[in-house]
Amino acid sequence: MVIGRACRRSCPRVGLLLVAAALGGCYDVHSIDPGHPLVPLIADKTTGTVKAKSNALGLAGDWYSYGDQYPVLPRCTQYGLHEQDVGLHLEGQCSFVGSPAPQQMPGPPGTGYFPNFGNRLCTYGNVAKVGKCQKGAEMWCDESQLDYGNMWGAGIGFDFNPDNLEAASVDGESCIPGGWDATAHGVVGIAFDFEWNDPTREPDPMLRVEFPVALPSEGLTLEDATVTSEGIKLAGETLDCGSPSEQHPAGSPFADAPAVWGTSGIANDPTHLVIGHNEILWSDVKGAPRKVAAADPAAYAYPFHPENLRGIQFHVPSKKDDRIPYSFCISNIAFLRQ
């Protein structure tokens with residue numbers, strides 16, 4: 001287990017004190033050595049909502065918990081939007097979120113439920129041991145394969161809700177994917193404090209810090225079948241410009257992701273986190289992994305573009321060996337500016 005305040009570069013404790021001062025009521029930009037200004041995201045203590053007026057970026061959004069057996073798409077136990085895409089596993093075989101309770105349906109901004117104290121967002125539960133696909137479950141998954149598509153884990157996330165998330169057509173053919181443009185706002189990464197609360201059961205954090213995006217043109221042609229909000233799309237078909245990266249079979253980009261699944265040298269390909277203060281720059285987020293290597297072994301399924309952000313997720317992925325208990329907190333989350 002890694003414990004301390006270390007991160008991807010020097011992070012003196014003064015930075016944490018400045019964040020604490022920000023949480024005390026000053027919501028402007030603060031400095032953190034070695035020179036990146038820090039913009040804290042302050043969440044409502046009951047709903048987990050971040051209001052635009054609470055931060056210098058004018059960014060709004062909602063915190064939430066999620067898991068593979070919960071609405072809106074309870075794919076582990078039932079079918080989601082399509083009967084062809086169904087896990088058919090028992091509830092006890094799927095991932096479990098103990099707190100905060102996942103919402104039944106997403107509501108308007110500001111109507112979420114993520115109680116927190118002092119901007120410290122905590123969750124606990126356990127993620128599924130990935131089992132084999134059930135007979136008749138998915139049209140591209142047979143009983144000899146493990147059902148990672150429906151038993152994918154649990155976590156917490158923050159969805160942005162500015163006005164510019166949707167894709168826009170330029171000339172009827174080309175398209176601007178949409179999403180929140182971090183680059184235009186001078187944002188180069190995120191910072192947060194991380195607590196892994198039960199190291200006796202699972203000593204090392206096994207999380208991926210993911211960044212859902214509106215898919216760029218490079219990510220629209222599928223190598224594997226997937227399920228979108230419109231229906232089944234098979235390998236070789238294309239997704240609509242601006243589709244959420246969660247609809248891509250490779251999933252969303254995440255920090256420290258390898259170009260090919262399973263090649264990071266660590267089970268489950270996690271993000272390299274420490275107990276304490278962490279900083280992730282966009283340069284640490286390359287893209288979403290491929291199933292098999294391309295002609296260019298460094299090529300991802302599609303690249304990460306911080307101009308198309310839709311949110312942030314702290315995801316505990318499932319493993320084939322056993323259930324994974326988790327209990328962690330995220331606090332002092334902030335964007336790093338140039």
Side-chain angles (χ1 to χ4, degrees), residues 1-2 7-8 19 40-43 48-50 59 61-68 70 95-103 112-128 152-160 182 189-199 201-213 244-246 251-257 264 266-282 284-285 288-289 304 306 309-319 324-336:
M1 177 173 60
V2 182
C7 60
R8 298 163 198 273
V19 177
L41 296 181
I42 311 301
T49 296
V50 175
L59 185 64
D62 291 282
W63 284 94
Y64 58 92
S65 62
Y66 63 91
D68 53 35
Y70 300 100
S95 300
F96 166 74
V97 178
S99 178
Q103 295 297 285
Y113 176 74
F114 204 124
N116 64 93
F117 178 76
N119 219 44
R120 182 170 173 262
L121 299 119
C122 299
T123 185
Y124 73 87
N126 54 75
V127 295
W152 41 259
I156 62 174
F158 174 71
D159 276 355
F160 306 155
I190 65 167
F192 56 90
D193 292 347
F194 177 72
E195 303 168 51
W196 188 243
N197 297 326
D198 193 2
R201 302 183 67 185
E202 187 70 30
D204 293 315
M206 296 296 293
L207 274 77
R208 297 182 191 137
V209 183
E210 300 176 345
F211 297 92
V213 295
S245 54
E246 293 97 328
S252 296
F254 60 95
D256 303 318
S264 68
I266 305 175
N268 269 29
D269 299 321
T271 297
H272 304 147
L273 297 179
V274 298
I275 308 303
H277 189 67
N278 291 262
E279 294 180 12
I280 296 175
L281 300 179
W282 301 146
D284 301 314
V285 189
F304 169 71
L309 279 174
R310 295 182 65 93
I312 304 166
Q313 293 180 340
F314 296 85
H315 174 202
V316 186
S318 298
K319 294 175 65 176
I324 301 175
Y326 67 87
S327 176
F328 67 88
C329 297
I330 303 296
S331 59
N332 295 335
I333 189 162
F335 282 111
L336 298 169

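Formation of a donor-acceptor pair under 3.5 Å by the Asn119 side chain with backbone atoms of Leu41 is found in this model. Within the 3.5 Å criterion, the main-chain N or O of Gly157 finds no donor-acceptor partner in the side chain of Asp159. Side-chain atoms of Arg208 come within 3.5 Å of backbone atoms of Asn268 as a donor-acceptor pair (strictly under, hydrogens ignored). A donor-acceptor pair under 3.5 Å links the side-chain atoms of Ser245 to the main chain of Val213, judged by distance alone.
Inter-residue side-chain proximity for Ser264 and Asp256 is flagged as unmet; no heavy-atom pair is nearer than 4.5 Å. Contact of the Ile280 side chain with the Val285 side chain is registered, since non-hydrogen atoms from C-beta on lie closer than 4.5 Å. Put simply, the side chain of Pro244 does not reach to within 4.5 Å of the side chain of Pro212, judged on heavy atoms. Looking at Pro205 and Pro270, their side chains never come closer than 4.5 Å, going by heavy atoms from C-beta outward. Here the side chains of Tyr326 and Trp196 are in contact, with some heavy-atom distance below 4.5 Å. At least one side-chain heavy atom of His272 sits under 4.5 Å from a side-chain heavy atom of Ile266. A heavy-atom distance below 4.5 Å is found between the side chains of Val209 and Ile190. Side-chain contact between Phe254 and Pro289 is present, with heavy atoms from C-beta onward closer than 4.5 Å.
With rounding to the nearest 0.5 Å, the separation of CD1 in Ile330 from CD1 in Ile312 is 10.0 Å. Note: His277 NE2 to Ser331 OG = 10.0 Å, rounded to the nearest 0.5 Å. The distance from the CD1 atom of Ile324 to the CE atom of Met206 is 6.0 Å, given to the nearest 0.5 Å.
Closest approach of Val97 and Ala154 over heavy atoms only: CG2-CB, 3.9 Å. Between Asp68 and Ala128, the shortest heavy-atom distance links the atoms OD2-CB, 4.4 Å. Taking every heavy atom of both residues into account, Ala182 and Leu309 meet most closely at CB-CD1, 3.8 Å. Residues Ala43 and Trp63 share a closest heavy-atom pair of CB-CD1, 4.0 Å. Nearest heavy-atom pair, Pro325 versus Asn126, reported as atom, atom and distance to 0.1 Å: CA-CB, 3.8 Å. Nearest heavy atoms, Pro100 versus Ser65: O-OG, 2.7 Å.
A salt bridge links Arg120 with Glu195; the closest basic N to acidic carboxylate O contact falls under 4.0 Å.
Residues Asp62 and Thr49 have side chains that bring a donor and an acceptor to within less than 3.5 angstrom of each other.
Ring geometry for Phe160 versus Phe158: interplanar angle over 60°, hence perpendicular rather than tilted (30 to 60°). Ring-plane geometry between Trp152 and His315 is classed as perpendicular, the angle between the planes exceeding 60 degrees on a 0 to 90 degree scale with a lower cut at 30.
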Audit row: Val316, Ser95, side chain to side chain contact (heavy atoms under 4.5 Å, CB included) steps and yes/no:
CA-CA 10 Å; Val316 186; Ser95 300; over 6 Å; no
What verdict does the ring pair (Phe, Tyr, Trp, His ring centres under 6.0 Å) test give for Phe314 and Phe192, after you've listed the backbone C-alpha separation in whole Å, the side-chain angles of each residue and the deciding distance to 0.1 Å?
CA-CA 11 Å; Phe314 296 85; Phe192 56 90; 5.2 Å; yes
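Remark: Thr123 pairs with no residue by the side-chain hydrogen bond (donor to acceptor under 3.5 Å, both in side chains) rule, at least two apart or across chains.
Partner of Phe194 under the side-chain contact (heavy atoms from CB on, under 4.5 Å) criterion, out of Ile275, Asn332, Ile333: Ile275 alone.
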